[in-house]
Amino acid sequence: MQAITRTGQLLHVIIRVIVDWQMHSLKSSVSVCQKPLYFPGSIMTQVRTRIAPSPTGDPHVGTAYIALFNRNFAKQHNGQFVLRIEDTDQTRSTAKSETDILNALKWLGLDWDEGPDNGGPHGPYRQSQRSDIYREHINQLLDNGQAFHCFCTADRLNEVRAEQMANKQTPGYDGHCLSLSKEEVKTRLDNGESSVIRMRVPTDGECVFNDRLRGEIRINWSQIDMQVLMKSDNLPTYHFANVVDDHLMEITHVIRGEEWINSTPKHILLYQHFGWDVPEFCHMPLLRNPDKSKLSKRKNPTSINYYRDMGYVPEAVVNYLGMMGWTMPDGREMFSVDEMIDHFDIDRVSLGGPVFDVEKLNWLNGKYLRERFDDEAFMQAYAEWAFNPDKLKMVVPLIKERVERFSDVIPLAGFFLSGSLPLSEADFEHKSLQLEDSRRLLQFALWTFEGLPAWEREHISGACQKLAGFESLKIREALFPLFVAVTGKAVSVSVIDSMTALGLDVTRARLRDAINVLGGVSKKEAKRLEKQYRDFDSFDPEAS
RNA sequence: GUCCCCUUCGUCUAGAGGCCUAGGACACCGGGUUUUCAUCUCGGCAACAGGGGUUCGAAACCCCUAGGGGACGCCA
């Protein structure tokens with residue numbers, strides 16, 4: 001009886017296999033029709049990928065993450081990996097940020113074949129230097145009516161949006177300037193009236209495109225806004241510059257964060273307007289905070305420099321990023337970038353948003369230190385980290401006046417070489433400040449520091465003065481919790497100079513640690529504090 | 001609010017219809033090694049979001065629901 005059942009089962013299996021096989025070949029023949037123009041590994045087309053960071057802040061681990069996968073994919077197909085600076089936001093882009101990002105990626109070993117520093121045949125690789133190119137291309141779209149001038153004011157647009165939101169409609173441009181005659185546009189332009197250029201978007205139907213990782217994605221054109229392509233400062237927006245540059249730089253595969261899925265139809269439309277081939281899209285999952293929201297510096301250290309300053313080694317950091325959404329086929333967890341490239345398969349990326357888990361990174365970093373560094377290498381790496389001249393230059397003036405022997409240095413300045421400090425509530429006991437006061441001071445300090453225009457001594461000092469003034473405390477009292485949180489002691493070298501030397505990321509991490517030691521801030525309390533903080537924000541220390 | 005994406009241990013993940021009584025790693029707990037601790041090592045805890053379908057057979061394919069996330073800027 002059993003034998004019969006088993007034979008039946010076997011028969012089913014065989015039939016199923018044949019049917020599946022036929023289905024499979026059918027499927028692949030269908031998918032060829034919708035397949036993008038570029039076949040990975042094909043001799044015909046050279047694979048080219050890019051990372052396109054915006055130099056508006058600290059080098060973000062998310063940038064490194066996306067860079068890693070782009071670079072892997074290109075290298076694996078003997079293609080090229082390009083770095084392009086997207087600095088079209090003139091108000092936020094800075095040269096320092098650009099340098100920092102380039103250095104951070106290099107530190108991780110993620111170098112590029114073409115970029116602003118090493119050049120290449122498709123330069124310049126900085127969008128701020130490509131204005132003529134965008135001008136030329138936008139004129140094409142204006143000429144054939146696929147783009148139009150818009151003179152609407154920000155106030156009017158805000159009103160329209162508010163109304164649409166209230167009516168539960170998808171907010172978007174209402175087409176107000178679409179009906180302007182050529183003559184009228186010309187007159188207003190000649191009068192020097194401020195304007196932008198928007199793209200025309202179909203009013204109905206849907207945009208169907210293929211994402212390599214997710215398959216077919218359909219988005220109604222009614223969901224797509226008449227995106228601004230050229231701003232009133234005559235610089236392009238991301239959407240426009242990105243498409244023009246990707247085409248001119250012959251990018252074949254656009255591997256980027258999931259946050260771009262909804263704007264992909266705009267990009268595809270632009271490719272079509274220009275009559276260009278559309279690259280293949282791969283939308284990677286977003287790195288997450290422990291609460292699953294998109295990784296943000298408010299909740300988690302996101303700067304690559306933070307990880308460097310905390311004494312992580314680049315091999316471990318990049319290895320860790322490689323295991324976000326991806327695994328080696330054999331399950332190995334420790335691997336170099338080159339090993340990853342050898343076994344890389346972008347189709348094995350898993351799509352759930354990976355939580356950036358510092359604990360596991362710590363374990364991996366420790367494993368590297370133990371297994372990949374012999375005593376000699378460890379000694380050298382540690383010395384380079386701890387006695388980094390740039391860092392030391394800031395620390396020595398602080399401690400020199402206060403030591404009598406070299407043996408005094410570590411007890412006094414050891415906190416410069418530490419990660420988090422071993423603190424307890426007792427460390428925050430103070431004759432006039434309650435623990436609750438300290439907690440509030442630390443939280444306000446944290447928020448103020450985050451809003452500083454730059455991490456420089458005078459700004460930090462100003463913020464502390466303001467904090468003391470707002471709380472009607474002597475500066476000495478207001479700084480007390482900061483001393484404990486940052487240096488580990490109530491009495492130490494200048495805490496303002498110390499924070500300046502430690503950098504915002506490490507300072508932020510210490511303030512957060514201290515707040516947690518003091519019981520943390522509950523959601524309810526955070527709301528209350530935020531309210532108070534608004535008063536603080538508008539507080540003028542000069543006036544009082 | 002509208003649209004889009006996603007969903008396997010607390011976390012990172014393996015999984016391509018039968019190799020699944022769901023595997024590995026971090027974290028956690030316990031044993032061994034170690035003068036302590038750490039390392040190392042052995043073991044343990046722990047998951048297919050829910051409901052329908054398709055199938056001889058579903059973690060896997062389809063549908064619905066729920067939950068999470070993202071996007072909706074003259075930011076990128």
Side-chain angles (χ1 to χ4, degrees), chain A residues 5-6 8-13 15-17 19-20 23-24 52-57 60 63 86-93 127 150 152-154 157-158 161 164-173 194-198 206-207 211 213-215 217-220 222-225 227-242 256-265 283 285-286 288-294 320 322-334 347-348 350-364 366-367 369-371:
Chain A
T5 320
R6 199 162 285 165
Q9 246 180 18
L10 195 67
L11 204 66
H12 274 295
V13 170
I15 292 167
R16 210 62 228 178
V17 164
V19 170
D20 282 355
M23 291 293 282
H24 184 259
S54 172
T56 53
H60 199 280
T63 306
E86 307 226 329
D87 54 351
T88 54
D89 184 345
Q90 276 200 304
T91 52
R92 294 200 306 145
S93 298
Q127 289 183 331
C150 167
C152 294
T153 61
L157 295 173
N158 287 338
R161 252 178 233 126
Q164 286 164 331
M165 287 282 226
N167 293 337
K168 302 182 179 184
Q169 291 168 303
T170 309
Y173 186 65
S194 171
S195 72
V196 300
I197 299 171
R198 291 179 181 273
E206 60 181 358
C207 177
D211 178 283
L213 303 174
R214 293 155 206 266
I217 295 177
R218 300 168 162 268
I219 297 175
N220 269 307
S222 62
Q223 293 295 319
I224 309 299
D225 199 7
Q227 181 65 48
V228 171
L229 300 177
M230 293 295 270
K231 303 179 272 186
S232 52
D233 62 4
N234 274 320
L235 289 177
T237 57
Y238 165 85
H239 302 282
F240 187 59
N242 153 75
R256 60 184 176 189
E258 194 178 2
E259 53 198 331
W260 295 110
I261 291 178
N262 286 294
S263 35
T264 304
H283 290 99
L286 256 26
R288 310 288 185 97
N289 295 312
D291 68 1
K292 303 270 188 181
S293 57
K294 172 171 150 181
Y320 181 70
M323 52 204 254
M324 301 275 86
W326 197 79
T327 42
M328 276 291 212
D330 65 1
R332 234 182 314 166
E333 295 206 281
M334 200 179 188
D347 298 313
R348 286 188 60 251
S350 55
L351 297 176
V355 171
F356 193 95
D357 179 14
V358 181
E359 294 272 8
K360 189 151 183 174
L361 172 60
N362 289 345
W363 162 77
L364 190 64
K367 208 167 150 65
L369 258 21
R370 287 189 297 276
E371 295 177 15

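Residue numbering restarts at 1 for every chain, and letters A, B, ... go by the order of the sequence lines.
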Give me the distance, rounded to whole Å, that separates B:rG51 from B:rC12 when you measure between the C1' atoms they each carry.
29 Å
Tell me what A:Gly353 touches on the nucleic acid: a base, only sugar-phosphate, or nothing, going by heavy atoms under 4.0 Å.
sugar-phosphate
A:Met334 CE to B:rC12 C1', in whole Å, measures 16 Å
Are there any protein N/O atoms within less than 3.5 Å of an N/O atom in nucleotides 74-76 of chain B, and if so, which ones and at what distance?
unit_1: B:rC74; atom_1: O2; unit_2: A:Ser232; atom_2: N; d: 3.0
unit_1: B:rC74; atom_1: O2; unit_2: A:Ser232; atom_2: OG; d: 2.7
unit_1: B:rC74; atom_1: N3; unit_2: A:Ser232; atom_2: OG; d: 3.2
unit_1: B:rC75; atom_1: OP2; unit_2: A:Lys231; atom_2: NZ; d: 2.8
unit_1: B:rC75; atom_1: O2'; unit_2: A:Asp89; atom_2: OD2; d: 2.9
unit_1: B:rC75; atom_1: O2'; unit_2: A:Arg92; atom_2: NH2; d: 2.9
unit_1: B:rA76; atom_1: OP1; unit_2: A:Thr88; atom_2: OG1; d: 2.5
unit_1: B:rA76; atom_1: OP1; unit_2: A:Lys231; atom_2: NZ; d: 3.3
unit_1: B:rA76; atom_1: OP2; unit_2: A:Tyr238; atom_2: N; d: 3.1
unit_1: B:rA76; atom_1: O3'; unit_2: A:Glu86; atom_2: OE1; d: 3.2

Quick one: look up who B:rA25 pairs with, Watson-Crick or G-U, both distances under 3.5 Å, and put none if it's unpaired.
B:rU11
Calculate the interatomic distance between A:Leu361 atom CG and B:rA27 atom C1'; express it in whole Å.
14 Å
Can you find a donor-acceptor N/O pair under 3.5 angstrom joining the side chain of A:Lys360 to the base of B:rA27?
no
Hunt down the Watson-Crick or G-U wobble partner of B:rG18, both distances under 3.5 Å, from any strand shown, or write none.
B:rC56
Looking at A:Lys294 and A:Glu258, does any basic side-chain N land under 4.0 Å from a carboxylate oxygen?
no
Indicate yes or no: at least one non-hydrogen side-chain atom of A:Pro329 is less than 4.5 angstrom from one of A:Arg348.
yes
What is the ring orientation for A:Tyr320 with A:Phe356, classed by angle as parallel under 30°, tilted 30 to 60°, or perpendicular over 60°?
perpendicular
A:Ser222-A:Asn220 side chain donor-acceptor pair, cut-off 3.5 Å
no
Applying a 4.0 Å non-hydrogen cut-off, can you work out what A:Pro354 is touching in the nucleic acid: base, sugar-phosphate, or nothing?
sugar-phosphate
A:Phe356 atom CZ is separated from B:rG10 atom C1', nearest whole Å, by 18 Å
How would you label the contact of A:Arg332 with the nucleic acid (heavy atoms, under 4.0 Å): base, sugar-phosphate, or nothing?
nothing
Can a side chain N or O of A:Arg348 be found less than 4.0 Å away from OP1 or OP2 on B:rG15?
yes
Base, sugar-phosphate or nothing for A:Gly325? Non-hydrogen atoms, less than 4.0 Å.
sugar-phosphate
If you compare every side-chain N and O of A:Arg218 against the phosphate oxygens of B:rC3 (OP1, OP2), does one of them come in below 4.0 Å?
no
Please confirm whether the shortest side-chain N or O distance from A:Lys292 to OP1 or OP2 of B:rG70 is below 4.0 Å.
no
Identify the nucleotide, in any strand shown, that forms a Watson-Crick or G-U wobble pair with B:rU39, with both distances under 3.5 Å; if there is none, say none.
none
When rounded to the nearest Å, what value does the distance between P atoms of B:rG24 and B:rU65 take?
37 Å
